[in-house]
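First up is the structure itself, then whatever we jot down about it.
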Amino acid sequence: MYDNVLLPTDGSVGVDRAIDHAIDAADRYDATLHVLYVVDSDVVNAYSGDEFVDGAEGAEETLEETGREALDAVAEHARDAGVEAVTALRYGVPHEEILRYADEEDVDLTVMGSKTRSGDYRRMLGSVTERVSRQSPAPVSIVKTTVEP
């Protein structure tokens, strides 16, 4: 039923449960697990820089390092479960890059974590998961995690 399962990750607590679901789906259907981290261009562009911070410690480098660590952790977890994992690090607007990647790689199922937070918080900031689920032509499985305020 599924040949390619996509797990976008931001390395946060809200993705923990989604990792297990994505690995389980990939294992169950003998699918390839694609793990994607997007370096958010809006965050990188908002960083004005700091004359006291070495250039190698800027926002982009920090996000790249966080992304690589998140990708490696999920890939290792998948390998331990006997699931083939492919990792990718992209740059851009997260929901746009996730949808683009899913299209390019013929993803059959996207598994995403979602942090359950108050309505006011969600209305102010929106949700990458919500945007992907509304715009994806393929199924999106949302795995909720409650985050304490």
Nearest heavy-atom pair of I19 and H77: which atoms, and what distance? CG2-CD2, 3.6 Å
For the pair R68 and D72, find out whether any cationic side-chain nitrogen is under 4.0 Å from an anionic carboxylate oxygen. no
Quick check: are there more than 12 heavy atoms from other residues, nucleotides or ligands sitting under 6.0 Å from CD of Q135? yes
Report yes if some heavy atom in the side chain of V140 is under 4.5 Å from a heavy atom in the side chain of I142; otherwise report no. yes
Counting only heavy atoms not in D30, do more than 12 sit closer than 6.0 Å to its CG atom? no
From Y2 OH over to T32 OG1, what is the distance, rounded to the nearest 0.5 angstrom? 15.0 Å
When you look at M112 and V128, which way does the side chain to side chain contact (heavy atoms under 4.5 Å, CB included) test go after all the steps? CA-CA 9 Å; M112 297 189 72; V128 172; 4.1 Å; yes
Minimum heavy-atom distance L33-A22, with the two atoms named: CD1-CB, 3.9 Å
I want to check something: taking the side chain as every heavy atom from C-beta on, are V111 and V143 in contact at a cut-off of under 4.5 Å? yes
Side-chain donor/acceptor of R17 to backbone N/O of K144, under 3.5 Å: yes
Reported CG-to-CZ distance for the pair D40 and R90, which is rounded to 0.5 angstrom: 15.0 Å
Please confirm whether the backbone N or O of D3 pairs with a side-chain atom of D108, one donor and one acceptor, at under 3.5 Å? yes
What are the two closest non-hydrogen atoms of A85 and A75, and how far apart are they? CB-CA, 4.2 Å
For S133, does its backbone N or O pair with a side-chain atom of S136 as donor and acceptor, under 3.5 Å? no
With side chain to side chain contact (heavy atoms under 4.5 Å, CB included) as the test, would you mind laying out the steps for V86 and V35 before giving the verdict? CA-CA 6 Å; V86 174; V35 188; over 6 Å; no
Quick one: pull up CG in L89 and OG1 in T87 and give me the separation to the nearest 0.5 Å. 8.5 Å
dist Y101:OH -> N4:CG (nearest 0.5 Å) comes out at 8.0 Å
Taken to the nearest 0.5 Å, the spacing of T110 OG1 from H34 NE2 works out to 10.0 Å
Below 4.0 angstrom, N of the basic side chain to O of the carboxylate: do R100 and E96 qualify? no
Shortest non-hydrogen separation from V93 to V38 and the atoms involved: C-CG1, 4.3 Å
Under 4.5 Å between any side-chain heavy atoms of L99 and V132, yes or no? yes
Taking side chain as C-beta onward, heavy atoms only, is L36 less than 4.5 Å from L7? no
Please answer whether the main-chain N or O of V83 pairs with a side-chain N or O of D27 as donor and acceptor at a distance below 3.5 Å. no
Looking only at heavy atoms, the pair that brings T9 and Y37 closest together is O-CD1, 3.1 Å
Quiz question: by atom type and distance under 3.5 Å, do the side chains of Y91 and E64 form a donor-acceptor pair? yes
If you take all heavy atoms of V74 and I23, which pair is closest and at what distance? O-CD1, 4.4 Å
